[in-house]
Amino acid sequence: STISGEGKTFIAANIAAIIAMADKRVLVVGLDLRKPKLQNIFGQNIPKGLSTFLIGRDKAEDIIQKTEIENLWYAPSGPIPPNPSELIGCTKMDDLISWAKQNYDYIILDTPPIAVVTDAFLTQRFSDTTLFVIRFKYSNKNVLRFVESLQKSNNEKSLGLIINDLEHKRIYGYAYNYGYSYNSGYGY
């Protein structure tokens with residue numbers, strides 16, 4: 001997404017949980033090194049994470065945390081570093097993704113807002129598909145032009161759009177309904 005609060009982390013965690021429930025090993029990586037939120041969803045707050053791995057303090061195996069959901073792990077962001085973009089762009093990040101590809105069926109990257117910092121652009125080298133999140137009645141309409149320009153400039157990658165927090169007040173069109181009911185019992 002382009003700004004904070006559109007639901008990237010919430011959606012990343014939920015997509016990861018759904019895939020994990022399909023008996024696939026899933027790793028969610030908290031790439032928002034400036035305002036980490038992933039550990040809030042999974043309810044664990046540990047002093048190490050992606051940032052400590054990228055500076056060489058910890059091994060990949062040491063930062064990965066198991067969640068309560070079977071087949072679902074996550075790598076928290078870790079302590080906030082002074083140079084997030086440099087860390088995400090370094091070769092240690094490539095090492096982590098290579099290691100994760102050997103150990104997990106799916107890797108989901110929870111990135112920071114794309115319009116605020118360059119960190120999300122730096123992670124495109126790892127992704128097969130990009131899901132862009134906009135929030136109903138929250139995101140600016142001009143974001144759609146931005147998404148369109150991303151699609152045009154990134155032809156080889158798959159780009160999906162998720163509209164979060166959509167209200168279903170007005171529905172136009174036709175609807176068909178079919179039902180079946182059976183009741184039994186005694187009455188007076």
Side-chain angles (χ1 to χ4, degrees), residues 1-46 49-51 53-54 60-61 63-78 84 88 93-94 96-140 143-144 146-148 150-151 154-168:
S1 73
T2 55
I3 57 175
S4 185
E6 291 177 302
K8 291 175 301 304
T9 301
F10 175 78
I11 289 170
N14 279 285
I15 288 173
I18 290 167
I19 295 170
M21 288 179 198
D23 206 28
K24 301 292 182 186
R25 292 174 54 88
V26 181
L27 174 66
V28 184
V29 180
L31 279 167
D32 193 343
L33 299 180
R34 289 176 173 84
K35 291 184 179 180
K37 295 179 185 136
L38 192 61
Q39 65 274 9
N40 297 342
I41 289 178
F42 293 119
Q44 301 171 351
N45 198 0
I46 57 169
L50 183 61
S51 61
F53 168 80
L54 294 174
E61 302 87 7
I63 66 166
I64 305 301
Q65 302 296 310
K66 178 78 174 101
T67 69
E68 293 177 4
I69 300 168
E70 190 174 340
N71 297 316
L72 180 57
W73 291 262
Y74 84 105
S77 301
I88 291 172
M93 188 67 206
D94 295 272
L96 177 69
I97 298 300
S98 294
W99 175 86
K101 284 181 179 181
Q102 294 173 4
N103 293 284
Y104 298 93
D105 299 315
Y106 290 87
I107 305 163
I108 296 177
L109 305 176
D110 177 34
T111 64
I114 200 165
V116 179
V117 292
T118 62
D119 301 358
F121 282 115
L122 295 171
T123 63
Q124 285 185 336
R125 68 188 192 270
F126 307 122
S127 64
D128 298 320
T129 300
T130 300
L131 298 176
F132 199 92
V133 178
I134 61 173
R135 186 171 172 189
F136 187 68
K137 289 190 176 181
Y138 186 84
S139 304
N140 189 313
V143 170
L144 295 174
F146 180 69
V147 172
E148 184 179 31
L150 280 177
Q151 178 63 37
N154 208 5
N155 290 332
E156 75 280 354
K157 300 266 181 160
S158 173
L159 179 67
L161 184 64
I162 295 177
I163 302 173
N164 189 20
D165 203 17
L166 184 64
E167 295 177 8
H168 295 282

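The analysis underlying the following values was restricted to heavy atoms, covering all of them including side chains, and did not include hydrogens, waters or symmetry mates. Start at 1 with the first residue, then count along the sequence.
Residues Pro112 and Lys8 approach most closely at C-CE, 3.9 Å, considering heavy atoms. Across all non-hydrogen atoms, the minimal contact from Ile69 to Ala17 is CD1-CB, 3.7 Å. Between Ala13 and Phe42, the shortest heavy-atom contact is CB-CZ, 4.0 Å. Considering all non-hydrogen atoms of both residues, Pro36 and Gly78 come closest at CG-O, 4.5 Å. The heavy-atom pair separating Asn71 from Lys66 by the smallest distance is N-NZ, 3.3 Å.
In this structure the side chain of Ile41 reaches within 4.5 angstrom of the side chain of Thr9, judged on heavy atoms. The side-chain heavy atoms of Gln39 and Tyr74, taken from C-beta on, include a pair separated by under 4.5 Å. A heavy-atom distance below 4.5 Å is found between the side chains of Val28 and Leu38. Between Leu50 and Leu96, the closest side-chain pair of non-hydrogen atoms falls below 4.5 Å. Side-chain contact between Asn103 and Ile64 is absent, with no heavy atoms from C-beta onward closer than 4.5 Å.
A distance of 4.0 Å separates CZ in Arg25 from CH2 in Trp73, rounded to the nearest 0.5 Å. Separation of atoms CG (Leu27) and CG (Asp105) is listed at 11.0 Å; rounding is to 0.5 Å. Rounding to the nearest 0.5 Å places OH of Tyr104 at 11.5 Å from CD1 of Ile97.
In this view, Glu61 and Trp99 satisfy the side chain to side chain donor-acceptor pair (under 3.5 Å) rule, not counting sequence neighbours.
At least one donor-acceptor pair closer than 3.5 Å links the side chain of Ser77 to the backbone N or O of Asp32. Here the side chain of Thr111 pairs no donor or acceptor atom with the backbone of Leu31 at under 3.5 angstrom. Judged by distance alone, with hydrogens and angles left aside, the side-chain atoms of Asp110 form no donor-acceptor pair with the main-chain N or O of Gly30 at under 3.5 Å.
Within 6.0 Å of CZ in Phe126 there are more than 12 heavy atoms belonging to other residues, nucleotides or ligands.
If you run side chain to side chain contact (heavy atoms under 4.5 Å, CB included) between Leu72 and each of Ile108, Ile18, Val26, only Val26 comes through.
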